[in-house]
Amino acid sequence: MKKIGTMACLTCILFSLPAYAVVIGNWEGSPDGWIDWGEGQISVDDPTLMPGMYDYGTVGATNGSQSLKLTDQGWGQTLAIKLTAAQRADFLASSLFSIDYSVAADTLGVGGYARIQGIAFNADGLSWTEIDLAETENFWFWGGSPERTQTLVYDYSALKASINPNPNWIEIILVTNGQRDTDPAGPFELYFDNAQLLVPEPTTMALLGLGALLTLKKRK
Ligand SMILES: [Ca+2]
(Lines give C-alpha, C1' and ligand atoms only; values in the text may rest on other atoms or scores of the structure.)
Protein backbone atom coordinates (compact mmCIF):
# COMPACT_ATOMS: atom_id res chain seq x y z
CA MET A 1 0.00 0.00 0.00
CA LYS A 2 2.84 2.36 0.86
CA LYS A 3 4.45 1.70 -2.55
CA ILE A 4 1.23 2.64 -4.35
CA GLY A 5 1.00 5.85 -2.32
CA THR A 6 4.51 6.89 -3.38
CA MET A 7 3.76 6.16 -7.02
CA ALA A 8 0.56 8.20 -6.90
CA CYS A 9 2.36 11.12 -5.26
CA LEU A 10 5.13 11.03 -7.87
CA THR A 11 2.45 11.21 -10.56
CA CYS A 12 1.02 14.30 -8.85
CA ILE A 13 4.37 16.09 -8.76
CA LEU A 14 5.27 15.28 -12.36
CA PHE A 15 2.00 16.48 -13.80
CA SER A 16 1.40 19.58 -11.71
CA LEU A 17 4.38 21.49 -13.11
CA PRO A 18 3.29 24.71 -14.86
CA ALA A 19 3.59 25.02 -18.65
CA TYR A 20 6.89 26.53 -19.75
CA ALA A 21 6.33 29.73 -21.70
CA VAL A 22 8.64 32.53 -22.82
CA VAL A 23 7.30 35.70 -24.44
CA ILE A 24 9.42 36.69 -27.47
CA GLY A 25 7.16 39.45 -28.79
CA ASN A 26 5.10 41.84 -26.66
CA TRP A 27 5.60 45.11 -28.56
CA GLU A 28 4.93 47.53 -25.72
CA GLY A 29 6.38 50.38 -27.76
CA SER A 30 9.47 48.27 -28.49
CA PRO A 31 10.36 46.07 -31.49
CA ASP A 32 11.54 43.23 -29.17
CA GLY A 33 14.10 42.16 -31.78
CA TRP A 34 11.57 41.69 -34.60
CA ILE A 35 12.53 42.63 -38.14
CA ASP A 36 11.03 42.66 -41.61
CA TRP A 37 12.60 39.85 -43.62
CA GLY A 38 11.86 41.25 -47.06
CA GLU A 39 12.94 44.83 -46.35
CA GLY A 40 16.64 44.21 -45.72
CA GLN A 41 16.06 42.38 -42.42
CA ILE A 42 15.96 45.63 -40.50
CA SER A 43 14.11 46.38 -37.27
CA VAL A 44 10.39 47.02 -37.60
CA ASP A 45 10.90 50.38 -35.85
CA ASP A 46 13.47 51.56 -38.40
CA PRO A 47 12.27 54.96 -39.71
CA THR A 48 11.99 53.50 -43.21
CA LEU A 49 9.46 50.92 -41.96
CA MET A 50 7.66 52.69 -39.11
CA PRO A 51 5.03 54.05 -39.36
CA GLY A 52 4.68 53.22 -43.09
CA MET A 53 4.66 49.42 -42.80
CA TYR A 54 4.64 48.85 -39.02
CA ASP A 55 3.42 50.77 -36.00
CA TYR A 56 2.34 50.11 -32.44
CA GLY A 57 -1.38 49.83 -31.84
CA THR A 58 -3.95 49.01 -29.20
CA VAL A 59 -6.19 46.67 -31.22
CA GLY A 60 -5.56 43.04 -30.25
CA ALA A 61 -3.32 43.86 -27.28
CA THR A 62 -3.60 40.51 -25.53
CA ASN A 63 -0.46 41.05 -23.45
CA GLY A 64 -0.05 44.51 -21.94
CA SER A 65 -1.62 47.52 -23.64
CA GLN A 66 0.05 47.56 -27.07
CA SER A 67 0.35 45.36 -30.15
CA LEU A 68 2.36 45.53 -33.36
CA LYS A 69 0.35 46.83 -36.31
CA LEU A 70 1.17 45.70 -39.86
CA THR A 71 -0.14 48.23 -42.30
CA ASP A 72 1.05 46.87 -45.63
CA GLN A 73 -1.65 45.58 -47.93
CA GLY A 74 -1.35 42.47 -50.05
CA TRP A 75 1.07 39.62 -50.40
CA GLY A 76 4.26 39.02 -48.59
CA GLN A 77 4.94 41.30 -45.63
CA THR A 78 7.37 39.24 -43.62
CA LEU A 79 7.54 39.81 -39.88
CA ALA A 80 10.49 37.87 -38.51
CA ILE A 81 12.85 37.35 -35.62
CA LYS A 82 16.41 36.07 -35.32
CA LEU A 83 16.43 34.46 -31.90
CA THR A 84 19.08 35.45 -29.36
CA ALA A 85 21.23 32.73 -27.77
CA ALA A 86 18.93 32.65 -24.74
CA GLN A 87 15.85 32.49 -26.98
CA ARG A 88 17.43 29.67 -29.01
CA ALA A 89 17.79 27.65 -25.80
CA ASP A 90 14.14 28.42 -25.00
CA PHE A 91 13.15 27.36 -28.53
CA LEU A 92 14.84 23.98 -28.10
CA ALA A 93 13.29 23.53 -24.64
CA SER A 94 9.83 24.24 -26.07
CA SER A 95 7.80 22.70 -28.87
CA LEU A 96 5.11 25.26 -29.71
CA PHE A 97 5.26 28.71 -31.28
CA SER A 98 2.20 30.77 -30.45
CA ILE A 99 1.14 34.26 -31.52
CA ASP A 100 -2.10 36.22 -31.17
CA TYR A 101 -3.23 38.16 -34.22
CA SER A 102 -6.18 40.47 -34.66
CA VAL A 103 -8.10 42.70 -37.00
CA ALA A 104 -9.96 45.90 -36.13
CA ALA A 105 -13.67 46.36 -36.59
CA ASP A 106 -14.62 47.06 -40.20
CA THR A 107 -14.64 50.70 -41.24
CA LEU A 108 -14.61 50.12 -45.00
CA GLY A 109 -17.87 48.29 -45.63
CA VAL A 110 -16.32 45.95 -48.20
CA GLY A 111 -15.35 42.30 -48.22
CA GLY A 112 -11.90 40.82 -48.31
CA TYR A 113 -9.45 38.98 -46.11
CA ALA A 114 -6.32 39.30 -44.01
CA ARG A 115 -4.30 36.29 -42.96
CA ILE A 116 -1.06 34.71 -41.89
CA GLN A 117 -0.22 33.05 -45.19
CA GLY A 118 2.63 30.95 -43.91
CA ILE A 119 5.28 30.41 -41.29
CA ALA A 120 8.90 29.57 -42.02
CA PHE A 121 11.68 28.26 -39.81
CA ASN A 122 15.33 28.62 -40.69
CA ALA A 123 17.92 27.22 -38.32
CA ASP A 124 21.47 25.93 -38.01
CA GLY A 125 21.23 22.37 -39.34
CA LEU A 126 17.67 22.78 -40.59
CA SER A 127 17.12 23.92 -44.15
CA TRP A 128 14.55 26.65 -44.82
CA THR A 129 11.21 25.08 -43.92
CA GLU A 130 8.07 26.93 -44.93
CA ILE A 131 4.57 25.86 -44.03
CA ASP A 132 1.67 27.24 -46.08
CA LEU A 133 -1.17 28.07 -43.69
CA ALA A 134 -3.39 29.89 -46.22
CA GLU A 135 -7.03 30.01 -45.25
CA THR A 136 -6.57 28.11 -41.99
CA GLU A 137 -5.27 31.36 -40.47
CA ASN A 138 -7.69 33.71 -42.17
CA PHE A 139 -9.94 36.63 -41.27
CA TRP A 140 -12.79 37.40 -43.67
CA PHE A 141 -14.23 40.90 -43.76
CA TRP A 142 -17.71 42.14 -44.46
CA GLY A 143 -19.51 45.43 -43.88
CA GLY A 144 -19.68 45.86 -40.10
CA SER A 145 -17.36 42.95 -39.29
CA PRO A 146 -16.23 43.22 -35.65
CA GLU A 147 -12.79 43.34 -34.04
CA ARG A 148 -11.50 39.79 -33.76
CA THR A 149 -8.51 37.91 -32.38
CA GLN A 150 -7.17 34.46 -33.24
CA THR A 151 -4.16 32.55 -31.98
CA LEU A 152 -1.81 30.69 -34.28
CA VAL A 153 -0.21 27.74 -32.49
CA TYR A 154 2.39 25.84 -34.47
CA ASP A 155 3.95 22.62 -33.17
CA TYR A 156 7.54 22.59 -34.41
CA SER A 157 8.69 19.59 -32.38
CA ALA A 158 9.27 17.52 -35.55
CA LEU A 159 11.75 20.13 -36.84
CA LYS A 160 13.94 20.07 -33.74
CA ALA A 161 15.59 16.75 -34.68
CA SER A 162 17.28 18.49 -37.64
CA ILE A 163 18.53 21.49 -35.67
CA ASN A 164 22.08 21.39 -34.33
CA PRO A 165 22.13 20.90 -30.54
CA ASN A 166 23.91 24.23 -30.03
CA PRO A 167 22.61 26.22 -33.00
CA ASN A 168 24.22 29.48 -34.08
CA TRP A 169 20.95 30.73 -35.53
CA ILE A 170 17.24 30.09 -35.41
CA GLU A 171 14.87 32.35 -37.33
CA ILE A 172 11.09 32.49 -37.44
CA ILE A 173 9.40 34.25 -40.34
CA LEU A 174 5.67 35.02 -40.65
CA VAL A 175 4.27 35.79 -44.10
CA THR A 176 1.07 37.81 -44.20
CA ASN A 177 -1.42 38.43 -46.96
CA GLY A 178 -4.60 40.43 -47.49
CA GLN A 179 -6.95 41.72 -50.13
CA ARG A 180 -9.96 43.99 -50.40
CA ASP A 181 -12.86 43.29 -52.75
CA THR A 182 -12.95 46.95 -53.80
CA ASP A 183 -10.48 49.72 -53.34
CA PRO A 184 -11.58 52.45 -50.94
CA ALA A 185 -9.00 54.27 -48.86
CA GLY A 186 -7.32 52.33 -46.07
CA PRO A 187 -5.91 48.83 -45.99
CA PHE A 188 -6.92 45.91 -43.84
CA GLU A 189 -4.43 45.83 -41.01
CA LEU A 190 -3.19 42.93 -38.91
CA TYR A 191 -2.14 43.34 -35.28
CA PHE A 192 0.19 40.94 -33.47
CA ASP A 193 0.84 40.38 -29.79
CA ASN A 194 2.03 37.83 -27.25
CA ALA A 195 4.42 35.76 -29.37
CA GLN A 196 5.53 32.85 -27.21
CA LEU A 197 7.59 29.69 -27.13
CA LEU A 198 5.91 27.15 -24.90
CA VAL A 199 5.38 23.52 -24.06
CA PRO A 200 1.91 21.99 -24.31
CA GLU A 201 -0.48 22.85 -21.51
CA PRO A 202 -0.31 20.15 -18.82
CA THR A 203 -4.10 19.76 -18.75
CA THR A 204 -4.16 16.52 -20.73
CA MET A 205 -1.21 15.08 -18.86
CA ALA A 206 -2.72 16.24 -15.57
CA LEU A 207 -5.92 14.37 -16.42
CA LEU A 208 -3.89 11.29 -17.28
CA GLY A 209 -2.09 11.66 -13.96
CA LEU A 210 -5.38 12.02 -12.14
CA GLY A 211 -6.69 8.96 -13.97
CA ALA A 212 -3.66 6.98 -12.83
CA LEU A 213 -4.18 8.22 -9.28
CA LEU A 214 -7.85 7.22 -9.29
CA THR A 215 -6.97 3.79 -10.68
CA LEU A 216 -4.40 3.28 -7.99
CA LYS A 217 -6.85 4.36 -5.30
CA LYS A 218 -9.48 2.03 -6.65
CA ARG A 219 -7.12 -0.88 -6.29
CA LYS A 220 -6.72 -0.34 -2.52
CA1 LIG B 1 1.73 43.74 -26.00
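Both ligands and their constituent atoms are indexed starting at 1 by order of listing. Nothing fancy with the numbering, it's 1 onward along the sequence. Model, not experiment: these values are computed from the prediction.
- By the 30° and 60° cut-offs, the orientation of the rings of Y101 relative to F139 is perpendicular.
- Centred on the Ca ion (ligand 1), the angle running from D193 (OD1) to N26 (O) is recorded as 70°, rounding to 10°.
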For this session: Show your working on side-chain contact (heavy atoms from CB on, under 4.5 Å) between V175 and E130 and close with a plain yes or no.
Result: CA-CA 10 Å; V175 181; E130 187 165 344; 4.2 Å; yes

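- The nearest N, O or S atom of N63 is closer to the Ca ion (ligand 1) than 3.0 Å.
- Distance check for Q66 against the Ca ion (ligand 1): an N/O/S atom falls below 3.0 Å.
- Counted by atom type alone, T151 and D100 present one or more donor-acceptor pairs between their side chains at under 3.5 Å.
- Residue-level check: among N/O/S atoms of E28, OE2 sits closest to the Ca ion (ligand 1).
- Between Y156 and F121, the angle of the ring planes lies from 30° to 60°, which puts this pair in the tilted group.
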